[in-house]
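Read through the structure below, which is laid out as structure tokens, and then see the notes.
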Amino acid sequence: EMKKLFLFATIISTSIFGLEAQEKTAKIGLGIGDKAPELEFNNPNGESIALSELKGQMVLIDFWASWCGPCRRENPNVVKTYKQFKDEKFENGKGFTVYSVSLDKSKGSWQNAIMQDGLAWPNHVSDLKQWQSEGARIYGV
């Protein structure tokens with residue numbers, strides 16, 4: 001199970017954020033060129049954030065948890081990448097962001113880890129179901 005978190009992130013690019021014509025023909029899936037499956041969960045404030053709301057940006061979907069040592073050790077690299085590319089203009093999108101899907105069970109632990117690790121992007125979501133997370137099921141984590 002822990003090694004599945006090493007598949008800690010998926011970068012979604014042209015298929016989900018490309019031209020309208022491409023989107024109409026793209027199949028939903030996890031393969032290169034596929035449209036990313038929708039995710040929609042609440043942030044720590046209880047507000048819903050859908051992956052599709054980030055359309056037009058390059059998005060890193062990051063599956064992690066406060067209790068996952070390898071994830072926490074990787075967070076400084078994710079923060080560095082976010083800061084470096086958040087305002088960049090790409091061929092198929094403007095800006096870079098992270099859609100963080102937490103596999104935590106404890107809201108407090110999740111919130112503390114966000115603060116402790118300095119995860120500055122606004123898109124933090126979780127259903128607080130740990131390994132039974134719907135997002136983890138959809139993405140095969």
Check your understanding: Do the rings of Phe90 and Phe85 sit parallel, tilted or perpendicular, given the 30° and 60° boundaries?
Key -> tilted

Could you tell me the separation between the [atom1] atom of [X] and the [atom2] atom of [Y], rounded to the nearest 0.5 Å?
{"X": "Trp121", "Y": "Ile114", "atom1": "CH2", "atom2": "CD1", "answer": "9.0 Å"}
{"X": "Glu40", "Y": "Ser52", "atom1": "CD", "atom2": "OG", "answer": "7.0 Å"}
{"X": "Ser106", "Y": "Leu128", "atom1": "OG", "atom2": "CG", "answer": "8.0 Å"}
{"X": "Leu119", "Y": "Tyr82", "atom1": "CG", "atom2": "OH", "answer": "11.0 Å"}
{"X": "Ser102", "Y": "Trp67", "atom1": "OG", "atom2": "CH2", "answer": "8.5 Å"}

Taking C-beta and beyond as the side chain, do [X] and [Y] meet within less than 4.5 Å on heavy atoms?
{"X": "Val101", "Y": "Leu39", "answer": "yes"}
{"X": "Trp110", "Y": "His124", "answer": "yes"}
{"X": "Val125", "Y": "Asn42", "answer": "no"}
{"X": "Trp64", "Y": "Asn75", "answer": "yes"}

Quick one: does any side-chain atom of [X] pair with a main-chain N or O of [Y] as donor and acceptor, under 3.5 Å?
{"X": "Tyr139", "Y": "Pro37", "answer": "yes"}
{"X": "Asp104", "Y": "Ser66", "answer": "yes"}
{"X": "Asn45", "Y": "Glu47", "answer": "no"}
{"X": "Glu74", "Y": "Cys71", "answer": "no"}
{"X": "Asp34", "Y": "Gly31", "answer": "yes"}
{"X": "Asp127", "Y": "Lys129", "answer": "yes"}
{"X": "Glu38", "Y": "Leu51", "answer": "yes"}

Quick check: closest heavy atoms across [X] and [Y], and the distance to 0.1 Å?
{"X": "Tyr99", "Y": "Ile49", "result": "OH-O, 2.8 Å"}
{"X": "Gln57", "Y": "Lys94", "result": "CG-O, 3.3 Å"}
{"X": "Pro44", "Y": "Gln111", "result": "CB-NE2, 3.5 Å"}
{"X": "Val98", "Y": "Ser100", "result": "CG1-OG, 3.5 Å"}
{"X": "Val141", "Y": "Trp131", "result": "O-CZ3, 4.2 Å"}

Exercise for review: Determine whether the side chains of Asn123 and Thr97 contain a donor N or O and an acceptor N or O closer than 3.5 Å.
Suggested key: yes

Review point. Does a donor on one side chain sit under 3.5 Å from an acceptor on the other, for Arg72 and Gln116?
Key: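 Note: Arg72 and Gln116 side chains meet the donor-acceptor criterion.
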
**Study point:** Worked check of side-chain contact (heavy atoms from CB on, under 4.5 Å) between Phe96 and Gln84
**Key:** CA-CA 9 Å; Phe96 169 80; Gln84 182 177 353; over 6 Å; no

